[in-house]
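Inspection log for the structure reproduced underneath, given as structure tokens.
Chain identifiers are assigned alphabetically (A, B, ...) following the order of the sequence lines, protein sequences preceding nucleic acid strands; residue numbering begins at 1 within each chain.
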Protein chains: 2
Amino acid sequence: MAKKQNNSLSGVKEIARRAKVSIATVDRVMHNRKGVSEATKDKINAIIKDMGFQPNILASRLASKKMNRFLVIIPQSLENEYWEASEKGIDRAYSEIRQYGITLDKLFYDLDSRESFSEIIHQVSVDTYDGVLLAPIFFDEGVRFAALCKQQGIPLVFINSDIPGEESLSYIGPHLFKSGYQAGRLINYGLKNGEVLIVNISTEMDTYHHLLRKEQGFRAYFQDHGDVDLALFKLDIRDTRDEFIEKELHAFLQQHPTIGAIFVTNSKVRAVAKYFEKFRIEKILVGYDFIRENIHYLQEGLIDFLIGQKPEEQGYTGVMHLFQHIVMGAAIEKQNFMPIDIITKENYEFYRN
Amino acid sequence: MAKKQNNSLSGVKEIARRAKVSIATVDRVMHNRKGVSEATKDKINAIIKDMGFQPNILASRLASKKMNRFLVIIPQSLENEYWEASEKGIDRAYSEIRQYGITLDKLFYDLDSRESFSEIIHQVSVDTYDGVLLAPIFFDEGVRFAALCKQQGIPLVFINSDIPGEESLSYIGPHLFKSGYQAGRLINYGLKNGEVLIVNISTEMDTYHHLLRKEQGFRAYFQDHGDVDLALFKLDIRDTRDEFIEKELHAFLQQHPTIGAIFVTNSKVRAVAKYFEKFRIEKILVGYDFIRENIHYLQEGLIDFLIGQKPEEQGYTGVMHLFQHIVMGAAIEKQNFMPIDIITKENYEFYRN
DNA sequence: TTTTTAAACGGGTACGTACCCGTATTAACA
DNA sequence: TGTTAATACGGGTACGTACCCGTTTAAAAA
């Protein structure tokens, strides 16, 4: 069963023995510190390569006692299941790596307040951190913050939404355009007759911009499949209160009774489902995010498909990327798109966000 | 940036100081070894609880040098992408935990040969292992092996297919019935007219049994949704060669030209797609597994949906469960169903198996 | 040549825990 | 009371790596 190890022919000690130098010198080479002649450096590197030597991370972390500080800046998760999941993923990652000497600070901003974000990035001293995870909802401020990190040489990981041109360690999040494209397919596949309506529900301009990308993907699907010549209607709702949404929807659908399917570009699909329930409307309904109310309407059969964006995994992966890069010195994929998950009444119970 | 730790008010040393005993005694209590009086044991336990002490796993593993041996028994992955993925997941998990002093042996049997499996379980000395991961394709032999492990007190994890009544640490794999149910939904949602055909392609009885569970789920969907009164046809093909499959399919479809959708209960869906391609047939086609050929036909638009069973994750999770339980002493979920992933032409590029 | 100075390297200790081995303490029995 | 034997405990070393500090060696300057 559980036995003891035997090998003393591995590790830095063995390398030192083979190279006829001390452990300290091997160590210097491994961390490319100065104080080693080119000759011995080459010899040691050759031996390391030959042995396929992998340093013992346990011993390494134990001995170094190096502490790394990570900073996380995400929207408040209060009453927001999506960001709650994201934070959960962050916490899960943290619990796995804290024993490696990581500390993690979390800062939250208000999803509806650009100022709250601005405030945070002005108050925090980024240079006290070794890595930052950011959900850059607000574009301009995000750009400024990224520039700051770059200048300080601090690795920055984006989750949920990307700021393309900006330098960053990696992006982890959905491919908005293609998830909209996927929604197009799902609706086109099932639609027997009638027209299609796209609904954007948002008050903030920045978040609206994300919805537009999904809408573009959605429209692209129907353009690419012109065999079905279908009218695509669009409705922008600038208020997130249920009554307001209901009113706008109702007005629109009175005017366009032939609508057969609705695509809601975010998690507010629940409000549309609620409206459907109230007026006993049966249309194809597709929206976003694995959150309680949406799942409820999925069960009820009012929502046909939800597209999941894996916020939990985004948070987890984001922190892990920082860890892999900063602590383990590993190379990181620059673009890391989440899978476009299709959630239905039949498979939601097995779904992992 | 990266600084040093400061705390010397944690760890066994601090416990020893508070309890006015030596580190060795604290250690004895923590591993409940004998040689400690009840009084001091209680005192130390109280302090541990009070401090909320968590032993440093790094130091612990480093010092103990305890080796754990895991055994993995799965089908040969040669020319089988599904099991190839599974093995990849196992290897990924192994590479993450090997530094904790784990060694892992892999044994492979032939998916088409019950004897090859029988042979393995008779030759291996299970008692030299601390945990076993098994893909129990062959039912009876699986039962026997599970009994053996139970008798020896060795934790056993099943992946891919479960042996219900049997004692095991956990099961990790798909919910066959519900994945079939999901397929039913997908077909019913998209089917404009025509009838539905279920195709089982398998030569081995044991694997056929798994297909049956999916078929049952599929049928259940149509029973639960009687509003669509639809004929469900069924075709069993007992040979996995493409020509044979083509012939059987062709014969059947000549007789039943009104079939509008086909559900193939395993990864052999590629053969049906190939047939569709050859004869330029356009019907809804749903099948299983994220493997190269299937993806190809997905791209071509010949397969509409693939249901993924996450073999890579199954393998990974399986090994990790053993590790969590045996090394970390953590509690493990007994049932661990994989998500029922829906893969389409639009989202396959982001899919992770 | 001698002195200065930097480069190149080795010795040794520490990280937090595991566990061997030896000793002090106490109980049990002759 | 002395002897034995178990019980209770402490000292100390090891795990593999990091890194401080000191010493040797060689090159440059005097």
Distance in angstrom units between B:Asp27 CG and C:dA18 P, rounded: 5 Å
Between D:dC15 atom P and B:Tyr100 atom OH, what is the distance in whole Å? 20 Å
Does B:Arg69 count as lying over the ring of B:Tyr129, i.e. NZ or CZ under 6.0 Å from the six-ring centre, within 45 degrees of the axis? yes
Validation: residues 316-326 of chain A side-chain donor-acceptor distances under 3.5 Å, sequence neighbours left out:
| unit_1 | atom_1 | unit_2 | atom_2 | d |
| --- | --- | --- | --- | --- |
| A:Tyr316 | OH | A:Glu96 | OE1 | 2.9 |
| A:Thr317 | OG1 | A:Glu313 | O | 2.6 |
| A:His321 | ND1 | A:Ser170 | OG | 3.0 |

Quick check on B:Lys88: does its NZ atom have over 12 non-hydrogen neighbours (other residues, nucleotides or ligands) under 6.0 Å away? no
Output one letter per nucleotide in nucleotides 22-27 of chain D: B when a protein non-hydrogen atom lies under 4.0 Å from the base, S when only the sugar-phosphate is that close, - when neither is. ------
Applying a 4.0 Å non-hydrogen cut-off, can you work out what B:Gly35 is touching in the nucleic acid: base, sugar-phosphate, or nothing? base
Can you name the one residue among B:Trp83, B:Phe117, B:Phe145 that meets ring pair (Phe, Tyr, Trp, His ring centres under 6.0 Å) with B:Tyr109? B:Phe117
I'd like to know if B:Glu312 pairs up with B:Arg352 as an ion pair, taking the criterion as any Lys NZ or Arg NE/NH1/NH2 lying under 4.0 Å from an Asp or Glu carboxylate oxygen. no
Are A:Phe158 and A:Tyr171 an aromatic pair, judged by ring center distance below 6.0 Å? no
Does atom NZ of A:Lys49 have more than 12 heavy-atom neighbours from other groups under 6.0 Å away? no
Tell me which residues in residues 44-56 of chain B lie within less than 4.0 Å of DNA chain C, going by non-hydrogen atoms. B:Phe53, B:Pro55, B:Asn56
Does some side-chain heavy atom of A:Asp105 sit less than 4.5 Å from a side-chain heavy atom of A:Val72? no
